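Right, one structure below, let's go through it.
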Amino acid sequence: MGFLAGKRALIVGIASTRSIAYAIAGSMHREGAELALSYQNDKLKSRVESAAAEFGDALTMELDVGSDESLAAAANAVQAHWSDGFDILVHAVGFAPREALQGRFIDNVGRSDYSIAHDISAYSLTALTRAVLPQLREGGSVLTLSYLGAERGIPNYNVMGPAKASLESSVRFLARDLGGDKLRINAISAGPIKTLAAAGVSGFRNMLTHVAESSPLQRNVTAIEVGNTAAFLCSDLASGITGEIVHVDGGYSTVALTGA
Ligand code: NAD
Ligand code: 0WE
């Protein structure tokens, strides 16, 4: 029997079979979890429906985390499907206007870019968690996805850096609140992976090569490795872990002077 048998998971952030959320769904399904999957808009609906068919006929629903009405409607859809609650919430969402993710941070970040990046990439974790909190069962857990740009200045990542820093801080504040409900919350800080969100980024290929050459594991990480860590963190095997940022990056963030 899988280590997530009897658990129910809502997974937000599938846009393609390359999405980190898709790999997380695969790992959780393999370990015996029952799934519900959301899609951001009509354009992504059929892709998420295909994933749902693959992962044990999962429930699907629309969810735009930028809208309070959409958050409430999605929470209602989950409640109607799982009337006695669920156990796992996965938030794998990030967005900033494309123009802000190039050139100098100081030149290319406007007030509205800053606001959108923080709204969709950071605030949405708290808004989504609050929307489903009454449904989360004791022993359950929340997981989000972060990146090293929260901790370091990285070319082109720009406003997403401060947004991820805010996301990671939110994990620590939410951990205090959720602990009282016997719930946990953690983040995975993943190394670079070629997904849709990474596809448009100029120089991403060179970044992958640099990271592989500089990492203790001497390679890039896969979405499957992130998926397996996600399944562990959301399982009872990780019952003592909350408020934590776990790096799944081949050790890249633990070393310096890698050219020496
Ligand atoms: P992806 O493009 O496959 O997933 C991003 C998801 O965000 C998409 O499913 C998209 O629909 C969703 N999204 C954007 N705006 C939304 C909104 N308003 N409402 C609902 N959903 C919305 O890319 P990914 O790389 O799998 O990204 C998932 C998470 O992983 C993000 O938080 C990203 O920052 C993080 N991450 C990615 C990498 C990487 O290199 N790919 C590394 C570390 C962390
Ligand atoms: O968090 C991310 C993806 C962030 C992202 C990407 C896009 C591209 C398309 C947020 N918003 C958008 N908006 C778009 O219109 N990653 C960790 C992947 C990523 O993105 C980078 C990276 C890495 C790594 C951007 C610049 C530099 C490195």
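Please read all numbers here as calculations on a predicted model, not as lab measurements. Atoms within a ligand are numbered from 1 in the order they appear, just like the ligands themselves. FYI, the numbering just counts along the sequence from 1.
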Report the part of F95 in contact with ligand 2, treating N, CA, C, O as backbone and CB onward as side chain, heavy atoms under 4.0 Å; options are side chain, backbone, both, neither.
both

Got the closest protein heavy atom to atom 10 (C) of ligand 1, with its distance?
Q40 OE1, 3.4 Å

Is there side-chain contact between L4 and I88, with at least one heavy-atom pair below 4.5 Å?
yes

Using a heavy-atom cut-off of under 4.0 Å, does the side chain or the backbone of K164 touch ligand 1, or both, or neither?
side chain

Tell me which protein heavy atom sits closest to atom 40 (O) of ligand 1, plus the residue, atom name and distance to 0.1 Å.
I193 N, 2.8 Å

Below the 3.5 angstrom mark, is there an N/O of A198, backbone or side chain, next to an N/O of ligand 1?
no

Return the minimal non-hydrogen interatomic distance between A15 and S19, and the atom names on each side.
N-OG, 2.9 Å

For atom 8 (C) of ligand 2, what is the nearest protein heavy atom, given as residue, atom name and distance?
A197 O, 3.3 Å

Nearest protein heavy-atom contact for atom 4 (O) of ligand 1: which residue, which atom, what distance?
G13 O, 3.6 Å

Counting both backbone and side chain atoms, is some N or O of Y157 under 3.5 Å from an N or O of ligand 2?
yes

Should you measure from each heavy atom of N156, which atoms of ligand 2 turn up under 4.0 Å away?
26 (C)

Within this structure, what is the CD1-CD1 distance for the pair I20 and I24, rounded to the nearest 0.5 Å?
7.0 Å

Heavy atom of S146, distance to ligand 1 below 4.0 Å:
yes

List the atom of E225, the atom of T229, and the distance in Å for their closest heavy-atom pair.
O-OG1, 3.0 Å

Can you tell me which residue and heavy atom of the protein come closest to atom 18 (C) of ligand 2, and the distance to 0.1 Å?
A198 CB, 4.3 Å

Atom 5 (C) of ligand 1 - nearest protein heavy atom and its distance:
A92 O, 3.9 Å

Do any heavy atoms of Q102 fall under 4.0 Å from ligand 2?
no

Have a look at ligand 1 and work out which part of L63, if any, has a heavy atom under 4.0 Å from it: side chain, backbone, both or neither.
backbone

Considering only heavy atoms of L101, which atoms of ligand 2 have at least one such atom less than 4.0 Å away?
5 (C), 6 (C), 7 (C), 10 (C), 11 (N), 12 (C)

For atom 18 (N) of ligand 1, tell me which residue out of N41, L44, D64 has the closest non-hydrogen atom.
D64

Considering only protein heavy atoms, which is closest to atom 9 (C) of ligand 2, and at what distance to one decimal place?
R98 NH2, 3.4 Å

Just jot down the ligand 1 atoms closer than 4.0 angstrom to any heavy atom of P192, in number order.
40 (O)

Name the option, out of A187, A21, G191, A199, that contains the heavy atom nearest to atom 42 (C) of ligand 1.
G191

Any non-hydrogen atom of A96 lying under 4.0 Å from ligand 2?
yes

Show me which atoms of ligand 1 lie under 4.0 Å from any heavy atom of A197.
2 (O), 23 (O)

With a cut-off of 6.0 Å (strictly less than), are more than 12 heavy atoms of other residues, nucleotides or ligands near CD1 of I224?
no

Looking at ligand 2, is there an atom of it that comes within less than 4.0 Å of some heavy atom belonging to I154?
no

The option among T195, V226, L128 carrying the non-hydrogen atom nearest to atom 24 (P) of ligand 1 is T195

Any heavy atom of S16 sitting closer than 4.0 Å to ligand 1?
no

Just to check, does P155 reach to within less than 4.0 Å of ligand 2 when the distance is taken from its heavy atoms?
yes

Report the distance from atom NZ of K7 to atom OG of S235, rounding to the nearest 0.5 Å.
7.5 Å

NE2 of H29 to CG of L37: how many Å apart, nearest 0.5 Å?
10.5 Å

Would you say that L145 contacts I188 through its side chain, given a criterion of any heavy-atom pair below 4.5 Å between the two side chains?
yes

At less than 4.0 angstrom from any non-hydrogen atom of F204, what atoms of ligand 2 do you find?
23 (C), 24 (C)

Looking at side-chain heavy atoms only, is the closest gap between L71 and L128 below 4.5 Å?
yes

Note, M61 side chain near V78 side chain (heavy atom, < 4.5 Å):
yes

Nearest protein heavy atom with distance in Å, relative to atom 35 (C) of ligand 1
L145 CB, 3.7 Å

In the protein, which heavy atom is nearest to atom 28 (C) of ligand 2, and how far is it?
M207 SD, 3.6 Å

Taking every non-hydrogen atom, the tightest pair across M28 and A230
CE-O, 3.8 Å

Regarding R8 and D84, does a basic nitrogen lie under 4.0 Å from an acidic carboxylate oxygen?
yes

In ligand 1, which numbered atoms sit nearer than 4.0 Å to a non-hydrogen atom of I120?
15 (N), 18 (N)

When rounded to the nearest 0.5 Å, the distance separating CG of L167 from OH of Y147 is 15.0 Å

Separation between CD (E99) and CG (N158), nearest 0.5 Å, reads 12.0 Å

Would a 4.5 Å heavy-atom cut-off, applied to side chains only, mark P192 and Y252 as touching?
no

Are there more than 12 heavy atoms of other residues, nucleotides or ligands under 6.0 Å from atom CZ of R18?
no

Using a 4.0 Å cutoff against the non-hydrogen atoms of V201, which atoms of ligand 2 qualify?
20 (O), 21 (C), 25 (C), 26 (C), 27 (C)

Separation between CD1 of I245 and CG of L148, rounded to the nearest 0.5 Å
12.0 Å

Closest protein heavy atom to atom 7 (O) of ligand 1, given as residue, atom name and distance to 0.1 Å
V93 CA, 3.6 Å

Please state which part of V65 comes within less than 4.0 Å of ligand 1, counting heavy atoms only: side chain, backbone, both or neither.
both

Minimum distance, heavy atoms only, to atom 37 (C) of ligand 1: which one of V90, L148, I20 is it?
I20

Is the centre of the F55 ring less than 6.0 Å from the centre of the Y22 ring?
yes

Numbered in order shown, the ligand 1 atoms found under 4.0 Å of a heavy atom of A15 are 8 (C), 9 (O)

L183 to L133 - nearest heavy-atom pair and separation:
CD1-CD1, 3.5 Å

Close side-chain approach of Y39 and R47, heavy atoms under 4.5 Å:
no

Of all the non-hydrogen atoms in the protein, which one sits nearest to atom 1 (P) of ligand 1, and at what distance?
S19 OG, 3.9 Å

